[in-house]
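Let me begin by presenting the structure, written as structure tokens, before commenting on it.
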Number of protein chains: 2
Amino acid sequence: MSGPTVHIVDDDAGIRDALSWLLASRGLAAVEWPSGEAILAALPLEDCACIILDVRMMGSSGPEVFDQLRARGCLAPVIFLTGHADVPVAVHALKAGAFDFIEKPFNDNQIVDVVLAAMATHAARQADAAQRRDLSDRLAALSPRETEVMRLMLTGSLNKQIADTLGIAVRTVEVHRSRILTKMGVRTAMELAHALSASPDPVG
Amino acid sequence: MSGPTVHIVDDDAGIRDALSWLLASRGLAAVEWPSGEAILAALPLEDCACIILDVRMMGSSGPEVFDQLRARGCLAPVIFLTGHADVPVAVHALKAGAFDFIEKPFNDNQIVDVVLAAMATHAARQADAAQRRDLSDRLAALSPRETEVMRLMLTGSLNKQIADTLGIAVRTVEVHRSRILTKMGVRTAMELAHALSASPDPVG
DNA sequence: AGCGCTATTGCGGACATCCACAATAGCGAA
DNA sequence: TTCGCTATTGTGGATGTCCGCAATAGCGCT
């Protein structure tokens, strides 16, 4: 397993090589792709920490490739390169979630800085995503009934009220509650709320 | 008190008037400013729902005015207008939080749509901000000791553990706890966690 | 000194939660 | 059908939480 890698997508071999050498000189591993189709065919990329994407290429354009990458679950930050002053394209790309949009010819130090920043945010997002996955997995492990009880718990309902709402005995709610806390890996209802507070709301 | 208003900042009276008329024809109230200095001097703007800002003007440039607006607490969405294909400026503006960046000459329907979208997000942000303010006010009303107890509560500590940590009696923690719930306007600790979960973390 | 606010603590009772032990029942897979 | 999982409920006791009543103490302001 190689380390975090920068993926360069450009139909101009000269640009690709220049970028590769530049990044290599700063100790960054890079992989080159001659077209959007090429990188899309290689998905999923295990070690993808950042993608540099030319806007105008033979075959699919940069924005088209970007959309495809996102559609296929690739969440790595994308840095666009363009040789043409195309403001609408830049605006659209950034609003769609691109990390940056840089005009050619680019400044070596500038692009390295942007790549480093992109890789940093990607690392942060990875850590975040790992926690979310863990949480999702635990939530998925709950039975339907347990999920239902949990939702009521989180609104602050007492066991008695939950039992009343669901038409079951308090004791049953207690059992569910206990199982929920065990499965979710927490010891109190407060910890559960705390753990779930970072989540957008996979429950409701 | 007038309703939500679009503020137009441009040193070209022709553009200003064209925009004003366009917006008026769609039932949107607009106010014109001949320069960045003019609108900055009029802060704070009560009814500001959206700001249209020309990039190149006599005096302060659009981006400079934008920074000043944000520095002075104006959170309204800003739509930049530019007559020059300036990709770096567009990229910087969007990354700084501009709502959109549009090239002149603009399409009437397009700009109206953007203005409407901006006003919609502003309304949503307003509602959000109101809740945050309410929460902040309530948090500010807590005594230092109460804040301390609350933080421990939110981590899932039992009253006994909190008492132990702070070196005080359990009864004292109970009193604090009760006051906290009252001041925060909730009835249970779970509701408190729930209410605070939307907050970035004004406590830690 | 007197007043108000915050922090502190004890007592006792009502109510809630947690849990081990024990048991019944439906439902889908092997 | 037997096995395993989920849902269900009860008893009883240990522990935790909530709250009214009552009281002491420091601190800053008038």
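This structure is a prediction, so every number in the text was calculated from the model and none was measured. Sequence lines set the chain letters: A, B, ... in the order given, protein chains first and strands last, and positions in each chain run from 1.
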Validation: residues 154-165 of chain B side-chain donor-acceptor distances under 3.5 Å, sequence neighbours left out:
| unit_1 | atom_1 | unit_2 | atom_2 | d |
| --- | --- | --- | --- | --- |
| B:T155 | OG1 | B:L152 | O | 2.7 |
| B:T155 | OG1 | B:S157 | OG | 3.2 |
| B:S157 | OG | B:L152 | O | 3.4 |
| B:N159 | OD1 | B:R177 | NH1 | 2.3 |
| B:Q161 | OE1 | B:L158 | N | 2.8 |
| B:T165 | OG1 | B:Q161 | O | 2.9 |

Set out, line by line, the N/O atom pairs under 3.5 Å between protein and nucleotides 4-8 of chain D.
| unit_1 | atom_1 | unit_2 | atom_2 | d |
| --- | --- | --- | --- | --- |
| D:dA7 | OP1 | A:S143 | OG | 2.6 |
| D:dA7 | OP1 | A:R145 | N | 3.2 |
| D:dA7 | OP2 | A:S143 | OG | 2.6 |
| D:dT8 | OP1 | A:R145 | NE | 2.8 |
| D:dT8 | OP1 | A:R145 | NH2 | 2.7 |
| D:dT8 | OP2 | A:R145 | NE | 3.2 |
| D:dT8 | OP2 | A:H176 | NE2 | 2.7 |

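- Every pair passing side-chain hydrogen bond (donor to acceptor under 3.5 Å, both in side chains) that includes a residue from residues 57-67 of chain B is listed here, sequence neighbours excluded: B:E37-B:S60.
- A ring-ring contact (aromatic ring centres under 6.0 Å, His included) check over residues 39-70 of chain B, counting only residues at least two apart or in different chains, returns the pairs B:F66-B:F80.
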Throw together a table of side-chain donor-acceptor distances under 3.5 angstrom for residues 109-120 of chain B, partners on residues two or more places apart or in other chains.
| unit_1 | atom_1 | unit_2 | atom_2 | d |
| --- | --- | --- | --- | --- |
| B:N109 | OD1 | B:R26 | NH1 | 3.3 |
| B:N109 | OD1 | B:R26 | NH2 | 3.0 |

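- Judged as a side chain to side chain contact (heavy atoms under 4.5 Å, CB included), and not counting sequence neighbours, the contacts of A:S20 are A:I8, A:A30, A:E32.
- Salt bridge annotation for B:K104-B:D54: present, with a cationic side-chain nitrogen under 4.0 angstrom from a carboxylate oxygen.
- Partners of B:S143 under the side chain to side chain contact (heavy atoms under 4.5 Å, CB included) rule, at least two apart in sequence or in another chain, are B:R145, B:E146.
- Taking the side chain to side chain contact (heavy atoms under 4.5 Å, CB included) definition, one finds that A:D12 meets it with A:D10, A:I15, sequence neighbours left out.
- Computed from C1' positions of five pairs at each end, the angle between the two local axes of the helix from C:dA1-D:dT30 to C:dA30-D:dT1 equals 40°, rounded to 10 degrees.
- Legend: residues meeting side chain to side chain contact (heavy atoms under 4.5 Å, CB included) with B:D86, ordered by chain and number and at least two apart, are B:R56, B:P88, B:V89.
- Summarising the geometry, the separation between CD on A:Q161 and P on C:dC15 is reported as 14 Å, rounded to the nearest angstrom.
- For B:D17, there are no side-chain hydrogen bond (donor to acceptor under 3.5 Å, both in side chains) partners at least two apart in sequence or on another chain.
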Protein within reach of the bases, or only the backbone? For nucleotides 17-30 of chain C, mark each nucleotide 5' to 3' as B, S or -, using heavy atoms under 4.0 Å. SBBBB---------
